[in-house]
Structures are given as structure tokens and as C-alpha cells.
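For this chain, numbers begin at 1 and follow the sequence in order. Note that the structure is predicted; figures quoted are calculated from it, not measured.
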Amino acid sequence: HVKIVAVLDADVDTESPPAGLVLGETLLAGAALLRSLASGEAAGGKSVQIGGNRVDRSRRYASLMAQAADLEAEAWGHLADYVVPTPPRAAGDATASTPVLGA
């Protein structure tokens, strides 16, 4: 899986991978599948209006996306021991002030 290979620790044995790595990979694949199903639901969902009553689309899209997010978070939890820790991103870096209107 491309997402895992990009952050996989070089010391991890990929010839006979540990169970946690296999489980994390499987869960990530499941999350991708759920997102694919959700996109199909979003594209194919229909709203129906009969008279003044509107029948909304099912909540399947939102449900599938929420399940995918939960599954991906669980996957990365299982993969935490096998990936190189990444430093947190800075929300913003301070730079020297520059006067805008004169001195």
C-alpha cells in the first residue's frame, strides 16, 4: 500500500510481516473500499419530491464516510509501531515584521 510504504520503518521485515502490519494494511484497504462505495452512493443517490413532500437521499454516504474515517484511524493505530514517527506540522511560522506604510 503506497500510504504505508512511504512511512514504513526500514527495520520492519516485509518478507514475513508482523500481524499488526498486516491488520493495519487490511483496515486501510477496507477504509478505501468504504470511501469508494460512498462516492458511488453520492453520484447515484436521488432525491424524490412528491407533491409538497420531499424524500431525502439516504444517509448512506455520510455513514460510509464516517465508517471509513473510523476504520482508517484504527488502521493507523495498528501501524503506529511499524512506521517512522513524523514530526508535527507547524500551524504557522513566525517571520520578521515588515513595515507596510513607511518607516
Atom pair [atom1]/[atom2] of [X] and [Y] - distance to nearest 0.5 Å:
X	Y	atom1	atom2	value
Leu34	Ser63	CG	OG	9.0 Å
Leu27	Leu79	CG	CG	8.0 Å
Leu23	Glu74	CG	CD	7.0 Å
Leu71	Arg35	CG	CZ	9.0 Å
Trp76	Leu28	CH2	CG	5.5 Å
Asp13	Ser16	CG	OG	4.0 Å

* Mind running side-chain contact (heavy atoms from CB on, under 4.5 Å) on Val12 and Leu21 for me, showing each step along the way? => CA-CA 9 Å; Val12 175; Leu21 181 60; 3.8 Å; yes
* To do: Taking Thr26 for its side chain and Val22 for its backbone only, find out whether a donor-acceptor pair lies under 3.5 Å.
  => yes
* Let me see the working for Val84 and Leu8 under side-chain contact (heavy atoms from CB on, under 4.5 Å), right down to the final yes or no. => CA-CA 6 Å; Val84 176; Leu8 189 62; over 6 Å; no
* To do: Can you see which heavy atom on Ala38 is nearest to which on Tyr61, and at what distance?
  =>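 That closest heavy-atom pairing would be O-CD1, 3.1 Å.
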* Structure fact -> In short, Ala75 meets Gly24 closest at the heavy-atom pair CB-O, 3.5 Å
* Asked: What do the steps show when you test Val5 against Thr14 for side-chain contact (heavy atoms from CB on, under 4.5 Å), and what is the final call?
  -> CA-CA 10 Å; Val5 171; Thr14 56; over 6 Å; no
* Salt bridge between Glu72 and Lys3, side-chain N to carboxylate O under 4.0 Å? -> yes
